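Notes follow once the structure below has been shown.
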There are 2 protein chains.
Amino acid sequence: MSHQLSPEEISFAGVDFLPGLALDFVVFGFHQSQLKILLLEYRNTGLFALPGGFIRQDENLNDAARRVLAERTSLTDIFLEQFYTFGDLARYDAAPMRAIMEAKGITPTEDHWLLRRFVSVGYYALIDFTKAIPIPDSLSDTCDWYELTALPPLIQDHRLIVQKALETLRADLDRKLIGFNQWAAPLLSDMFTMADLQRLYETILGQPLRRSSFQRKMLSLGILERLDKKYSGGAHKAPYLYRFRADTTSG
Amino acid sequence: MSHQLSPEEISFAGVDFLPGLALDFVVFGFHQSQLKILLLEYRNTGLFALPGGFIRQDENLNDAARRVLAERTSLTDIFLEQFYTFGDLARYDAAPMRAIMEAKGITPTEDHWLLRRFVSVGYYALIDFTKAIPIPDSLSDTCDWYELTALPPLIQDHRLIVQKALETLRADLDRKLIGFNQWAAPLLSDMFTMADLQRLYETILGQPLRRSSFQRKMLSLGILERLDKKYSGGAHKAPYLYRFRADTTSG
DNA sequence: TTATTATTGTCGCAGAATGAGACAATAACT
DNA sequence: AGTTATTGTCTCATTCTGCGACAATAATAA
């Protein structure tokens, strides 16, 4: 867990927060045929972690997730989905968090609330890589994008959380294909070519897809709207641009 | 939330438990072409609730789920899967729980831990209807099976939890068809006819399936082992009995 | 102007999967 | 022996998918 907290809030304990419960986010972005996620790097420790936060006493769980993620990415109206809750004892090891706090100049008491056991609700989000403005929290000095295929070592069980998020994303890609416009749209810009869309699918699924079958499938779903051609300057036929259809009353 | 607690534990507060966090179970059983779930009825209140429990301080979340469910059904080796975590404020309304406790003869203080806000991790389980022995907890007088299509009014957001569990079960039925032996097996007896299996599928999915297509599909998956015929005494051809194959190293 | 090149949109065909029905086989009963 | 209800399997049409082919076409090179 990491947190969007001021030093005061960290020292004076999370009385406003639900105790023992945290949120962790796997924020997916897509750029140059690579899936990336947001990670925090803690100051002077070389430790990386998923962005996270806590739930206020008077706040719905999912609202808290939306709030924290907005604080982190400066984006609202984010595609956000809860996927699993992690509650192993093994995930709770006070040592790294203590190191982080001490590196920050805080000497926590033995039973400081941040050092106790946390159960964490995992969310994954899909956001527009170009629009998000990562914001580090008060314990970390950077909040940046990292390629999913080359992640640095993560604290606690965050590797597992990423793994599970990816599995869920893949399963949802199949299951929720209809209504996808509401869905993977944030991972692409407003208009895109069929090749762009295919690259996104291939990257998420981690396997190549047949070009002709993919195109046939996507067109048959009726969720795409064909726009003008895109003259990219390459020495070849210009592809059409597409957009997800707005009217999605039915598939 | 309900609980497998002695009156002492209820009065003397859950210091051994993680605060503010509960477990709720949607326990599916199958009997006579009907999906059923376990519900508790609270003494003298007419209130029904999902079985639930709490997590010990020194216990993994999923282990707690297994323990509580075993306490409730007297079954171990249960198919159990976490599906969602419910954390709306609206789900927390102290009045019904206070009524339950008072009906039980306990007069809780205003800030009794059982009356505070809870976030609840939802699990669903598939168990053999004939093998489970429902056990009421100390606050309720009955723990029994109720047909999914005719549930009594449930407290808090338990209706929503059931709904979400069913959705997850349906989605998983498609997704996890391979390896199904480890899976829906508990809902059927050890040996079953193809018609039995089809009825199970139809009941879970809530829609009829074509008999020939279903049989072809199931046989083609190679997960069934054909046994002797079953002479049921009916005036018709005797169906084969099947069993899920034990060797499931690969699909 | 005319080739060349890379990429795109679409078509065709084979094979697999699925929907829908038909039919013989067969326990038990009349 | 005839009837009845149910089962296992087959067939045929339809749809879906894998896989390749091919013409169309922007930009570049000759």
Side-chain angles (χ1 to χ4, degrees), chain A residues 32-33 170-171 173-178 180 188-189 191-245 250-251, chain B residues 32-33 170-171 173-178 180 188-189 191-245 250-251:
Chain A
Q32 293 175 336
S33 297
R170 284 179 177 166
L173 189 63
D174 285 341
R175 223 152 32 93
K176 304 186 180 171
L177 242 178
I178 308 298
F180 192 67
L188 294 168
S189 30
M191 300 182 299
F192 47 88
T193 68
M194 193 60 78
D196 292 335
L197 186 59
Q198 183 173 348
R199 267 192 294 273
L200 172 61
Y201 266 74
E202 288 177 337
T203 305
I204 292 178
L205 296 177
Q207 59 180 350
L209 302 171
R210 329 258 151 237
R211 189 178 62 89
S212 60
S213 301
F214 182 80
Q215 174 134 343
R216 179 171 49 191
K217 181 83 176 171
M218 284 299 140
L219 292 180
S220 77
L221 289 175
I223 58 176
L224 296 181
E225 182 180 358
R226 181 175 279 181
L227 308 169
D228 293 335
K229 292 198 169 189
K230 179 189 181 186
Y231 295 88
S232 56
H236 54 76
K237 187 171 177 176
Y240 286 106
L241 285 171
Y242 294 88
R243 177 164 50 187
F244 288 112
R245 282 177 55 186
S250 70
Chain B
Q32 292 175 336
S33 297
R170 285 179 177 165
L173 189 63
D174 286 339
R175 223 151 33 92
K176 305 187 178 167
L177 242 177
I178 309 298
F180 193 66
L188 294 168
S189 32
M191 299 182 300
F192 48 87
T193 67
M194 195 58 79
D196 292 335
L197 186 60
Q198 184 173 346
R199 267 191 293 274
L200 173 60
Y201 266 74
E202 288 177 337
T203 304
I204 292 177
L205 296 177
Q207 59 180 351
L209 302 171
R210 330 255 152 241
R211 190 177 61 90
S212 60
S213 301
F214 183 80
Q215 174 133 343
R216 179 172 50 192
K217 180 81 175 174
M218 285 300 141
L219 292 180
S220 76
L221 289 175
I223 58 176
L224 296 181
E225 183 181 357
R226 179 175 281 181
L227 308 170
D228 294 334
K229 290 198 171 189
K230 177 190 182 186
Y231 295 87
S232 57
H236 53 77
K237 187 171 177 177
Y240 287 105
L241 284 171
Y242 295 89
R243 178 163 51 188
F244 288 111
R245 283 178 56 187
S250 69

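Every chain is numbered from 1, with letters handed out A, B, ... down the list of sequences. In this text, all values refer to a predicted model and were calculated from it rather than measured experimentally.
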Atom pair NZ (Lys237(A)) and OH (Tyr231(A)), whose distance is rounded to the nearest 0.5 Å: 11.0 Å
Heavy atoms, side chains only, cut-off 4.5 Å: are Met218(B) and Tyr201(B) in contact? yes
Taken in chain and number order and not counting sequence neighbours, the residues that satisfy ring-ring contact (aromatic ring centres under 6.0 Å, His included) with Tyr242(B) are none
Taking any atom closer than 4.0 angstrom to a non-hydrogen atom of chain B, what span of DNA chain D does the protein reach, first nucleotide to last? dT4(D) to dT11(D)
pair Arg170(B)-Leu205(B): side-chain heavy atoms closer than 4.5 Å: yes
Mind checking the CG-CG spacing from Asp196(A) to Leu188(A)? Nearest 0.5 Å is all I need. 6.5 Å
Counting only non-hydrogen atoms, which of residues 228-236 of chain B are less than 4.0 Å from DNA chain D? Ala235(B), His236(B)
Distance, nearest 0.5 Å, that separates CG of Leu200(A) from CG of Leu173(A): 7.5 Å
Residue pairs involving residues 218-231 of chain B (criterion salt bridge (charged side-chain N to carboxylate O under 4.0 Å, His left out); sequence neighbours excluded): Glu225(B)-Arg243(B)
By side-chain contact (heavy atoms from CB on, under 4.5 Å), which residues pair with Arg211(A), not counting sequence neighbours? Gln198(A)
How many angstroms lie between CD in Gln32(B) and CZ in Arg199(B), if you round to the nearest 0.5 Å? 10.5 Å
At under 4.0 Å between heavy atoms, which parts of nucleotides 9-19 of chain C does protein reach? Answer with one letter per nucleotide, 5' to 3': B base, S sugar-phosphate only, - none. BBBB-----BB
Stepwise, does the side chain to side chain contact (heavy atoms under 4.5 Å, CB included) test hold for Thr193(B) with Tyr240(B)? CA-CA 6 Å; Thr193(B) 67; Tyr240(B) 287 105; over 6 Å; no
